[in-house]
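Input: a single structure, listed below in structure tokens.
We number each residue from 1, following the sequence as shown.
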Amino acid sequence: ADLPDLQKLYEKYRSEGFMLVGVYSDTDGLKDIVSENGITYPMIRSCAAFDAFQTGYVPTTFFTDGSGNLLSKECYIGSKSYEEWESVILSYLK
């Protein structure tokens with residue numbers, strides 16, 4: 001549900017260093033989801049490297065630096081509003 005908002009945030013903040021990467025375990029219908037939501041950020045398929053991040057909840061969001069290091073041990077479970085995601089993103093872009 002928050003994919004359109006995430007796309008808008010990606011477009012707004014990518015010039016400031018924000019990168020968004022979608023990770024999907026099930027690619028059935030992925031092309032339709034990307035097309036219907038105008039997604040332009042990178043999408044990758046989940047692999048064993050992501051097993052450590054499994055929470056049992058979808059969606060789960062983690063924030064990392066450019067080298068892939070977690071910025072916080074906190075993860076975000078579930079959808080958020082545009083304003084909620086923007087607040088989190090801005091806290092990391094400071």
Side-chain angles (χ1 to χ4, degrees):
D2 54 358
L3 291 178
D5 287 341
L6 290 172
Q7 176 62 35
K8 289 175 192 170
L9 290 162
Y10 170 69
E11 291 170 5
K12 183 174 181 178
Y13 292 107
R14 69 180 173 184
S15 66
E16 295 181 41
F18 174 66
M19 171 57 77
L20 178 65
V21 178
V23 180
Y24 284 86
S25 58
D26 183 2
T27 58
D28 290 342
L30 182 57
K31 287 183 183 181
D32 291 336
I33 291 169
V34 168
S35 176
E36 290 169 7
N37 292 286
I39 304 301
T40 61
Y41 55 82
M43 306 290 260
I44 60 175
R45 186 172 183 150
S46 184
C47 63
F50 291 101
D51 288 350
F53 301 102
Q54 295 294 327
T55 63
Y57 298 98
V58 176
T60 298
T61 305
F62 293 90
F63 288 87
T64 67
D65 64 15
S67 299
N69 300 306
L70 288 174
L71 294 174
S72 170
K73 293 186 182 214
E74 178 182 8
C75 67
Y76 298 86
I77 295 174
S79 296
K80 306 281 183 242
S81 70
Y82 180 95
E83 293 78 14
E84 289 170 315
W85 280 130
E86 186 173 43
S87 175
V88 173
I89 292 166
L90 289 174
S91 75
Y92 287 121
L93 289 177
K94 289 181 179 180

Review point. How many angstroms lie between atom CG of L9 and atom CD of E83, to the nearest 0.5 angstrom?
Key: 9.0 Å
Check your understanding: Is the backbone of E84 close enough, under 3.5 Å, to the side chain of S87 for a donor and an acceptor to pair up by distance?
Key -> no
Review point. Quick one: are I33 and L3 in side-chain contact, heavy atoms under 4.5 Å?
Key: yes
Check your understanding: Do side-chain atoms of N37 reach the backbone of I39 as a donor and acceptor pair under 3.5 angstrom?
Key -> no
**Study point:** Residues which pass salt bridge (Lys or Arg N to Asp or Glu O under 4.0 Å) with E86, listed by chain and number, not counting sequence neighbours
**Key:** K12
Check your understanding: Do Y24 and Y57 share a hydrophobic cluster, counting only Ile, Leu, Val, Met, Phe, Trp and Tyr and linking them when any side-chain heavy atoms are less than 4.5 Å apart?
Key -> no
Check your understanding: Do the non-hydrogen side-chain atoms of K94 and Y92 ever get within less than 4.5 Å of each other?
Key -> no
Exercise for review: Look at the side chain of E16 and the backbone N and O of Y13, then say whether any donor-acceptor pair between them is shorter than 3.5 Å.
Suggested key: no
Point to revise | Min side-chain heavy-atom separation T64-L70 under 4.5 Å | key: yes
Practice item. Check whether any side-chain heavy atom of S25 lies under 4.5 Å from a side-chain heavy atom of F50, and answer yes or no. Key: no
Check your understanding: With a 4.5 Å limit on heavy-atom distance, are the side chains of V23 and F53 in contact?
Key -> no
Study note, to complete from the structure: Closest non-hydrogen atoms of Q7 and G38, given as atom of the first, atom of the second and distance, are CD-O, 3.4 Å
Practice item. Enter the distance from D28:CG to K31:NZ here, rounded to the nearest 0.5 Å. Key: 12.0 Å
**Study point:** Hydrophobic cluster identity match, L30 and V58, side-chain contacts under 4.5 Å
**Key:** no
Check your understanding: Mind checking whether L6 and I77 sit in one hydrophobic cluster, side chains of I, L, V, M, F, W, Y counted as touching below 4.5 Å?
Key -> no
**Study point:** Non-hydrogen side-chain atoms of I89 and Y10 separated by less than 4.5 Å
**Key:** no
Revision key, fill the gap. The reported gap from CE in M19 to OH in Y41 (rounded to nearest 0.5 angstrom) is 12.0 Å
**Study point:** Co-membership, hydrophobic cluster, residues L93 and F62, 4.5 Å side-chain
**Key:** yes
Practice item. Please work out which of the three classes, parallel, tilted or perpendicular, describes the rings of Y76 and W85, given edges at 30° and 60°. Key: perpendicular
Review point. If you look at every heavy atom in C75 and T55, which pair is closest and at what distance?
Key: SG-CG2, 4.1 Å
